[in-house]
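See structure below.
Nothing here was measured: the structure is a model prediction, and the numbers come from that model. The sequence lines fix the lettering, A, B, ..., with proteins before strands; numbering per chain opens at 1. Basis for what follows: all heavy atoms, side chains included, without hydrogens, waters or symmetry-related copies.
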There are 2 protein chains.
Amino acid sequence: MMTGARLSWKEVRDRIHQRILSGDYAPGDRLPRDADIAEELHCARSTVQRAMQDLSDGGIVERRRKGGTRVRSDPVTRATLDIPVTRTEVEQKGARYGYQLISSKTAMTPRSVTGNFELAQRKEMLRVKALHLSDGRPYILEDRWVDTTTVPEILDIDLTTVSANEWLVQNKPYSRCDLRFYAESASPESAELLNAKIGDALFVIERTTWIDEAPITLVRAQTAPGYQLLTRI
Amino acid sequence: MMTGARLSWKEVRDRIHQRILSGDYAPGDRLPRDADIAEELHCARSTVQRAMQDLSDGGIVERRRKGGTRVRSDPVTRATLDIPVTRTEVEQKGARYGYQLISSKTAMTPRSVTGNFELAQRKEMLRVKALHLSDGRPYILEDRWVDTTTVPEILDIDLTTVSANEWLVQNKPYSRCDLRFYAESASPESAELLNAKIGDALFVIERTTWIDEAPITLVRAQTAPGYQLLTRI
DNA sequence: AAATTTATTATGTAGCTACATAATTGTCAA
DNA sequence: TTGACAATTATGTAGCTACATAATAAATTT
């Protein structure tokens with residue numbers, strides 16, 4: 001990684017970050033202009049620019065034209081999450097993946113669903129319930145609505161052999177995705193399917209996707225007790 | 001945004017993304033080399049490089065030297081989360097922020113804590129319990145361990161007036177942060193403090209931070225019933 | 001003194017070149 | 001056939017220039 005003469009933009013970034021960490025620049029302080037840092041570190045302004053841009057993306061500093069760069073005085077913890085296809089998630093843990101379709105039928109969406117999609121009107125969609133298994137044990141219970149106007153092909157898919165999760169993600173890329181995380185008590189139905197006790201605290205991942213403005217799917221994925229979501233390294 | 005003659009790297013990115021979305025390039029397919037795309041779109045290779053890098057960061061494509069660029073065949077949902085200081089979070093919702101210190105005393109860390117910090121030995125740390133309020137109602141109950149070797153100053157801070165959350169984030173920047181999300185049933189103690197019922201499903205945010213290799217703090221933040229974490233737009 | 005316009009300044013972006021690096025492919029000898 | 005080495009190739013990075021853009025500061029007018 002260019003350990004010799006020239007500094008890479010990542011090295012520049014880390015040096016500047018280090019100065020912030022060590023207290024050289026405190027929250028709210030203004031940093032020197034890119035050009036001055038470049039001169040000091042004997043590198044090009046474009047290198048400093050890339051480094052600063054990365055620190056800005058990471059929520060470490062704030063940059064404004066003419067105003068310069070300053071250390072964020074209201075720091076946020078910014079994290080990146082990866083949510084893979086459930087099959088992959090299970091297999092990456094070295095477990096055997098299993099899948100069961102519970103039900104699949106068209107129905108009128110409740111208001112909570114149209115609300116999530118930011119639709120004014122309720123409409124008919126395909127509702128698919130399915131269970132993902134890890135080494136034969138319940139892992140994730142998903143309750144999904146698929147917009148059959150946007151994705152009519154879903155009606156021809158045999159969802160007993162391919163999960164909607166997998167099929168959609170492989171065949172219907174989305175341009176927008178909203179995620180929502182919360183906790184919920186297990187209903188009698190969920191508890192039975194997830195092999196949990198009624199009232200157990202379940203971690204829920206809710207995902208809504210669109211292609212342009214058109215809804216694709218909304219999933220409520222209830223995870224089995226003990227499930228944890230970690231930030232990627 | 002340079003709508004005229006030249007294409008910005010974001011426009012290039014969006015065009016390539018669009019082709020993937022429309023099915024021109026399917027998962028697993030190899031895209032043309034940067035130079036060819038540059039020629040086709042009448043822009044510089046560096047512009048395509050920036051666009052591709054962004055798509056790669058976003059988990060849309062995979063790039064390998066010599067191997068070229070291909071559409072990820074195992075797509076992941078990648079999301080960015082912002083977790084602000086609790087005060088800011090409350091105030092951004094237009095609510096009045098409140099804070100109560102419950103307890104603060106040094107104690108021997110249990111194994112679960114040292115495990116999170118990746119420490120071999122148990123050690124004495126400061127344990128701080130506090131309640132964050134939104135419009136006077138319980139919002140987040142935090143149970144925190146602070147490494148007094150790394151952050152000895154914390155012992156001189158009056159934690160009845162300043163929350164450890166705020167003081168640490170303003171004064172002790174971290175170089176590494178691990179996050180963990182899960183659901184948990186309310187214990188009798190938590191239920192009372194959070195104004196919830198015993199056994200209610202609570203959403204928990206667990207955060208561990210380090211400066212270089214040295215532990216700073218580990219917080220278990222139990223949120224009040226109804227709390228939801230959303231991805232930033 | 002307030003409002004408007006103009007100049008200044010720091011960051012943002014695009015284009016070009018040159019070279020570094022990692023993978024793969026091809027060649028040749030043992 | 002296999003192993004080692006060399007050539008090729010596509011991406012990655014750094015440096016430079018030129019100009020765009022936004023925000024502030026200064027100057028000017030009302």
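Backbone-only engagement by B:Gly68 is indicated by non-hydrogen atom pairs under 4.0 Å involving sugar-phosphate atoms exclusively.
Aromatic ring pairs are classed by plane angle as parallel below 30°, tilted from 30° to 60° and perpendicular above 60°; the pair B:His132 and B:Tyr97 is tilted. Relative ring orientation between A:Phe181 and B:Phe181 is described as parallel, the plane-to-plane angle staying below 30° on a 0-90° scale split at 30° and 60°.
Atom CG in A:Leu7 sits roughly 16 Å away from atom C1' in C:dA20 (whole-Å rounding). Between A:Ile37 atom CD1 and C:dT11 atom P the separation is 8 Å, expressed in whole Å. In this structure, B:Leu55 places its CG atom 16 Å from C1' of D:dG12, rounding to the nearest Å. Distance CG (A:Asp36) to C1' (C:dT9): 12 Å, rounded to an integer number of Å. B:Arg45 has its CZ atom 14 Å from the C1' atom of C:dA14, to the nearest Å. Atom CZ of A:Arg13 is separated from atom P of D:dT13 by 11 Å (rounded to the nearest Å). If you take CZ of A:Arg50 and P of D:dC16, they are 12 Å apart, rounded to a whole angstrom. In this entry the distance linking CD of A:Glu62 with P of C:dG12 reads 12 Å, nearest Å.
For B:Lys66, the listed nucleotide lying nearest its side chain is D:dT8; candidates were C:dG12, D:dT8, D:dG15. Checking D:dG12, C:dC16, D:dT13 against every side-chain atom of B:Ala44, the shortest atom distance belongs to C:dC16.
No side-chain donor-acceptor contact under 3.5 Å links B:Thr161 and B:Tyr99. Residues B:Thr86 and B:Asn165 bring a donor and an acceptor atom of their side chains to less than 3.5 Å of each other. A:Glu206 and A:Asn116 form a side-chain donor-acceptor contact under 3.5 Å, judged by distance and modelled atom types alone.
For A:Arg64 against C:dG12, no side-chain N or O and base N or O form a donor-acceptor pair under 3.5 Å. One N or O donor and one acceptor, one from the side chain of A:Arg65 and one from the base of D:dT21, sit under 3.5 Å apart.
Phosphate contact (OP1/OP2 of C:dA14, side-chain N/O of B:Ser8, threshold under 4.0 Å): present. For A:Thr69, no side-chain nitrogen or oxygen approaches OP1 or OP2 of C:dA10 to under 4.0 Å. At C:dG12, one or more side-chain N or O atoms of A:Gln49 fall inside 4.0 Å of OP1 or OP2 (strictly under the cut-off). Neither OP1 nor OP2 of D:dT11 sits under 4.0 Å from any side-chain N or O of B:Gln53. At C:dT9, none of the side-chain N or O atoms of A:Arg33 fall inside 4.0 Å of OP1 or OP2 (strictly under the cut-off). For B:Ser46, no side-chain nitrogen or oxygen approaches OP1 or OP2 of C:dC16 to under 4.0 Å.
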